[in-house]
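Reading through the structure tokens given below for one structure.
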Amino acid sequence: MATGGVTACVTKVELSISCRDLIDKDVTSKSDPLCVIYLKDGTTKTWQEVARTERIQNSLNPDFSTKIEMSYFFEEVQQIRFSIYDIDNSTDSLLDDDFLGEAECSLGQIVSSKKYVASLLDRSKKHLSKSKITVLADEITDNRVATLQFKATKLDNKDFMGKSDPFLELWREENEGWTLCHRTEVIKNNLNPTWKPFSVAVQSICGGDLSRKIKIICHDWDSDGSHDLIGEFFTTLSELQDNGNKEFFCINPKKKAKKSKYKNSGSIFIMGCKLERRFSFLDFIFGGLQLNFTVGIDFTGSNGDPTSRDSLHFMDPVRPNEYLQALSAVGAVVQDYDTDKLYPALGFGAKIPPSHVVSHEFPLNFRPDNPYCQGIDGIISAYQHALPVIKLWGPTNVSPIISHVARFAYNAQTTESSPNNYYILLILTDGAITDMDETRQAIVNASHLPMSIIIVGVGSADFSAMEMLDGDNGVLRSSSGQPVLRDIVQFVPYRDYKKASAAALAKAVLAEVPGQVTQYFRGRNLQPTQRN
């Protein structure tokens, strides 16, 4: 029987919009601006209207009071457009309204900067003289977590052979009915159980209202799913919080209705109820956390001669190869969270000039003192310039690159007292790793650091060994048996997304990063920097 964990809240942001120095389209007065918000559909590439602000009369410097709520996904590039119109009629159509300018960006850019300022553009994408738009982003989820623990005594025995197997369910009151928000583990053959402490989001258990009614039901577990009711009681999170070790009588309504001398079906005690804020990924981003992106590219001989069309490194002038497609898809998301846009780009498995000795950790720009490339385009340029001057070789050793990035993460861990830097390593490779034992040890070491590893397998090789590094199907261990502290690896074969959009690939490889970031800083008991 599955037990509940911390219930995740949908991450939502609230956008506040204002404009300055808008064009005046009215002759006898000023423009009456309204902002229309569009999102670009990742599949159809078309713009879909999602919201509008109110219309403000006679203002070239509007501050719109309408707040725009949007779901935010770190792993997706959510392109957003703000279009400003001068509204002079009561119809919803914008065809007969004057266009005052627009701005496009990603939602990630707004979130990472918190206060996003851009010049408005006309239809031909030229800057309008002074017109600007400002967009502020704030997270609007209640991210408190309640940690609870219960015990019970003298529960009714529902089993003929043995004793009851009790578990608890917590239900939240709704306008119509109740919603299940948590279920504890089952304790077998015990009428005086003590359940393990558990955490549940305050948003889930009471919608942020501590006085909202909660129903707690105690069942006797049955393997066929026909669990028997032992009893129930009603409380609030506020009552649980204020009354440590308070006793609640477990009442079975049917027994109470039938038996005049019925008292209860046992007692349940609240052993602890602690509310604390569970900081989200956005809290850390708003606090100034930088995501430092490094890419490692496989230049082993198994990729094939780069001058041949069959090579995974072939530079097709029409369609980018799989390495470039994966790099562009992931980089498009991550780049919004790194202010300087300077990324180390490394290669491995090739003979490099001038000595033509095999290297498993060389900068693509061949500048060991400054391996940084300017933006994703800079990485692509360095990759294209490196291919003609290196000789693809082998073996496929990736532990040196993992250890390379881990050194920077270790330095951040030991010198920074607040969450300022987190490191993301993207490894693009075409086959099975040769130094598997060393790689497992490097990952175990890195799991203690502010670092995540994304591996994208390109080509049609057998990646079964790679999937072992992704801890989704069990805890990764080093060859000596040491387990990872936390799961930091995400492996995705590119072939599974070859016919999908770049956004789908980015979503698949980056979906776990926000949780890995918050898990690391929570484990280190580090809170986001509070900024004005």
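No hydrogens, no waters, no symmetry mates; every other heavy atom, side chains included, goes into these values.
In this view, K507 and E76 satisfy the side-chain hydrogen bond (donor to acceptor under 3.5 Å, both in side chains) rule, not counting sequence neighbours. Considering only residues two or more places apart in sequence or on other chains, E416 meets the side-chain hydrogen bond (donor to acceptor under 3.5 Å, both in side chains) condition with N421.
Ring geometry for F362 versus F366: interplanar angle under 30°, hence parallel rather than tilted (30 to 60°). The aromatic rings of F491 and F463 sit tilted, their planes meeting at an angle between 30° and 60°.
Rounding to the nearest 0.5 angstrom, the gap separating the CD1 atom in I68 from the CG atom in L15 is 7.0 Å. Note that CD of Q490 is 12.0 Å distant from CD1 of I488, once rounded to the nearest 0.5 Å. Put simply, CD1 on I401 and CD1 on I297 are 9.0 Å apart, with the number rounded to the nearest 0.5 Å.
One finds a salt bridge joining K498 and E322 here, because a Lys/Arg side-chain nitrogen approaches an Asp/Glu carboxylate oxygen to under 4.0 Å. Under a 4.0 Å N-O distance rule, the pair R183/E169 qualifies as a salt bridge. For E239 and R212, the salt-bridge test fails: no basic side-chain N is under 4.0 Å from an acidic carboxylate O. Looking at R81 and E104, a side-chain N of the basic residue comes within less than 4.0 Å of a carboxylate O on the acidic one, giving a salt bridge. A salt bridge does not link R319 with D316: every distance from a Lys NZ or Arg NE/NH1/NH2 to an Asp or Glu carboxylate oxygen is 4.0 Å or more.
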Point to revise | From CA spacing to verdict: side-chain hydrogen bond (donor to acceptor under 3.5 Å, both in side chains), T236, S238 | key: CA-CA 5 Å; T236 65; S238 178; 4.8 Å; no
Practice item. Decide side-chain hydrogen bond (donor to acceptor under 3.5 Å, both in side chains) for D430 and S302; before the verdict, give the C-alpha distance in whole Å, the side-chain angles of both, and the deciding distance to 0.1 Å. Key: CA-CA 7 Å; D430 81 317; S302 56; 2.8 Å; yes
Check your understanding: Do K115 and T134 pass the side-chain hydrogen bond (donor to acceptor under 3.5 Å, both in side chains) test, and can you show the C-alpha distance, the side-chain angles, and the key distance before you say yes or no?
Key -> CA-CA 7 Å; K115 182 179 182 180; T134 298; 5.9 Å; no
Practice item. Starting from the C-alpha separation in whole Å, work towards a yes-or-no answer on ring-ring contact (aromatic ring centres under 6.0 Å, His included) for F281 and F74. Key: CA-CA 9 Å; F281 174 70; F74 163 79; 4.9 Å; yes
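Side-chain contact check for E75 versus V513: every heavy-atom pair is 4.5 Å or farther apart. The closest side-chain heavy-atom distance from L327 to L428 is below 4.5 Å.
Residues Q441 and S399 bring no donor and acceptor atom of their side chains to less than 3.5 Å of each other. Inspection of the Y494 and Q325 side chains reveals an N or O donor paired with an N or O acceptor under 3.5 Å. Side chains of T46 and K40: no donor on one and acceptor on the other come within 3.5 Å.
For I216 against T235, the heavy-atom pair with the smallest separation is CD1-CG2, 4.1 Å.
A distance below 6.0 Å separates the ring centres of H313 and Y383. Aromatic rings of F348 and F299 (six-membered ring for Trp) have centroids beyond the 6.0 Å cut-off, not under it. Not less than 6.0 angstrom separates the ring centroid of F279 from the ring centroid of F521. A distance below 6.0 Å separates the ring centres of F167 and H227.
Judged by distance alone, with hydrogens and angles left aside, the side-chain atoms of S112 form no donor-acceptor pair with the main-chain N or O of Y337 at under 3.5 Å.
When the options W195, W171, F198 are evaluated for a ring-ring contact (aromatic ring centres under 6.0 Å, His included) with H182, the one that passes is F198.
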What donor-acceptor contacts under 3.5 angstrom involve side-chain atoms of residues 449-456, with partners at least two apart or in another chain?
from, atom 1, to, atom 2, distance (Å)
S452, OG, Y422, OH, 2.7
S452, OG, Q516, OE1, 2.6

